[in-house]
Each structure stands twice: as structure tokens, then as C-alpha cells.
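When a residue number appears, it is its place in the shown sequence, counting from 1. Every number for a ligand or one of its atoms is a count from 1 in the order of the listing.
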Amino acid sequence: MFITEIFKSIQGEGTRAGLPCVFVRLTGCNLRCTWCDTAYAFHGGTRMSVAEVMARVDELTGRKAETSGSQAPVPLVELTGGEPLLQEEVYPLAEKLIAEGYTVMIETSGERFTGRLPREVIKIVDVKCPDSGEADTFEMRNLAELDAKDEVKFVLMTRRDYEFARDFTAKHGLVARVKQVLFSPVFDDPAGKWKGLEPRKVVEWILADGLPVRLGLQLHKFVWDPATKGV
Ligand code: SF4
């Protein structure tokens with residue numbers, strides 16, 4: 001499998017935001033969202049076997065004796081990208097991580113079918129909004145695969161995106177299906193390629209409509225420079 005990076009940081013989004021986590025970023029994506037902040041993962045990467053990825057994860061999480069010291073091991077691993085479901089080896093990797101006792105999350109664009117993942121994997125599934133430039137890419141069979149440990153995320157750049165997210169959430173009863181529905185405003189691009197959406201506006205809209213959804217802010221962009229990779 002091709003891997004862009006494996007690193008330890010804090011979880012930046014969702015209901016586990018702020019928790020220590022090891023991230024495995026798989027290379028490649030078949031979408032091109034206008035506001036994508038991980039375009040560096042589209043190409044290249046290092047070819048690694050599942051065993052090599054596992055060894056690096058064990059090292060970073062502190063499972064390996066030489067690096068663990070007195071620290072408690074990090075139990076949380078996230079598979080991300082790019083789009084992690086494009087590579088077949090993601091399935092044996094997820095199975096191995098689960099078998100080793102890790103809590104495994106996957107961040108996916110929602111365009112690929114998620115039903116082949118082990119049931120234990122916590123899915124954070126995007127639904128692309130109109131101004132992502134990738135509207136109508138959601139694989140509708142994924143709705144039936146969602147359960148009470150999963151999260152659905154809408155990344156919002158405009159009021160139009162917000163209205164789409166609000167209406168999709170209501171139409172498909174998402175709040176009852178999953179642990180959390182996240183509305184995440186896009187941040188300004190550090191290089192000025194796109195303009196984000198003010199979080200305050202999203203809060204005002206959520207409150208005005210009385211939506212039982214959670215505002216999602218990417219915590220790591222407050223901790224580190226938003227242009228920094230591998231955090
Ligand atoms: S799906 Fe994710 S990685 Fe792919 S272009 Fe969109 S934001 Fe970037």
C-alpha cells in the first residue's frame with residue numbers, strides 16, 4: 001500500500017477531538033474538493049506492507065518496549081488520506097489493528113462503499129456539499145452502513161452548503177442514525193487559494209434552525225500553523 005505519512009498527534013475533529021491519536025495517511029484521492037487541505041497526499045507516497053505499517057503504528061503508539069517507557073500506550077488509530085478506501089490493503093490493515101486491540105477510526109469522503117470494513121471500525125463519513133465542487137458523489141448505500149458509533153461530517157464553505165447539510169440531515173434522519181452529525185466550516189487557505197466560512201455564522205444558523213448537530217472546528221489548526229503537515 002502507498003502511505004503519505006504516519007504520525008502521532010491529537011485528534012482534531014469529531015467527538016474524540018483532543019485525544020492522542022496515531023494517524024495513517026494513505027496516498028491518493030479520486031476527488032478534488034475545492035478546499036482540500038491534504039492535496040500533498042494525492043500522489044507519491046512510500047510503498048509499505050501491512051506489517052510495516054503495523055510496526056510503525058506500534059512504535060508510535062508506544063506498544064514497542066523500546067519507545068514506550070513509562071507512558072501509557074495510545075489506543076486510538078485513524079486511517080485517513082487522501083481517500084483511504086481506494087487501496088485494497090486498508091481492509092487487512094483495519095482487521096489487524098482491531099485484532100491488536102486498537103480503537104480504529106476511518107475518515108472517508110463518502111464516495112466509496114464503507115460496508116466492507118470490520119464492524120468495529122468507527123466511520124467518519126463526509127457528505128460533500130455543493131461548493132466542495134464534488135456534489136452528488138455520496139454513495140447512498142453508505143447510509144445503511146452507519147451506526148451509533150459513527151459520525152457524519154459536512155464541510156461547509158457557504159450558506160448554500162449549510163442549507164444542503166441541514167436538509168440532507170433531516171431527509172435521511174442522520175441524527176438518529178449516528179453518534180454525531182458535524183457541521184465543519186472551511187478555514188481560510190493559508191496560501192489564499194480559497195476563502196473559508198466564519199464559524200460564528202455557522203453557529204448562528206445552527207441556533208436559528210435549532211439543529212441538534214455539533215459545530216466542528218479543526219483543533220490542530222489552532223494548536224499549529226494551519227499550513228503545517230503531519231500534525
Ligand atoms: S476527499 Fe478529502 S482528500 Fe480528497 S480532495 Fe476531498 S478533501 Fe481532499
Quiz item: Leu31 heavy atoms, cut-off 4.0 Å: which ligand 1 atoms fall inside?
Solution: 5 (S)

Quiz item: Between Phe42 and Arg32, is there a cation-pi geometry (under 6.0 Å to ring centre, at most 45° from the normal)?
Solution: yes

Quiz prompt | Close approach, Lys128 and ligand 1, non-hydrogen under 4.0 angstrom | solution = yes

Quiz prompt | Sub-4.0 Å atoms of ligand 1 with respect to non-hydrogen atoms of Gly82 | solution = 3 (S)

Practice problem: Pull out every atom of ligand 1 sitting under 4.0 Å from any heavy atom of Phe42, numbered as shown with elements. | Solution: 5 (S)

Quiz item: Looking at Trp35, which atoms of ligand 1 are within less than 4.0 Å of one of its heavy atoms?
Solution: 7 (S)

Practice problem: Measure from NZ or CZ of Arg166 to the centre of the six-membered ring of Phe154, then state whether that distance is under 6.0 Å and the direction lies within 45° of the axis. | Solution: no

Self-check item: Residue-ligand contact Arg32/ligand 1, heavy atom below 4.0 Å
Solution: yes

Quiz item: Is Lys179 salt-bridged to Glu151, cutoff N-O under 4.0 Å?
Solution: no

Practice problem: Enumerate the atoms of ligand 1 whose separation from the nearest heavy atom of Cys36 is less than 4.0 angstrom. | Solution: 3 (S), 5 (S), 7 (S), 8 (Fe)

Quiz item: Looking at Ser109, which atoms of ligand 1 are within less than 4.0 Å of one of its heavy atoms?
Solution: 1 (S)

Quiz item: Has Cys29 got an N, O or S atom lying less than 2.8 Å from atom 6 (Fe) of ligand 1?
Solution: no

Exercise. Indicate yes or no for a side-chain donor-acceptor contact from Asp150 to the backbone of Val178 under 3.5 Å, with no hydrogens or angles considered.
Key: no

Quiz item: Testing Trp35, Phe222, Trp194 for ring pair (Phe, Tyr, Trp, His ring centres under 6.0 Å) with Phe187, which one passes?
Solution: Phe222

Quiz item: Between Arg25 and Ala41, which heavy-atom pair has the shortest distance, and what is it?
Solution: CD-CB, 3.8 Å

Quiz prompt | Residue and atom name of the nearest protein heavy atom (relative to atom 6 (Fe) of ligand 1), distance in Å to one decimal | solution = Cys33 SG, 2.3 Å

Quiz item: Are any side-chain N or O atoms of Glu100 and backbone N or O atoms of Leu97, one a donor and one an acceptor, separated by less than 3.5 Å?
Solution: no

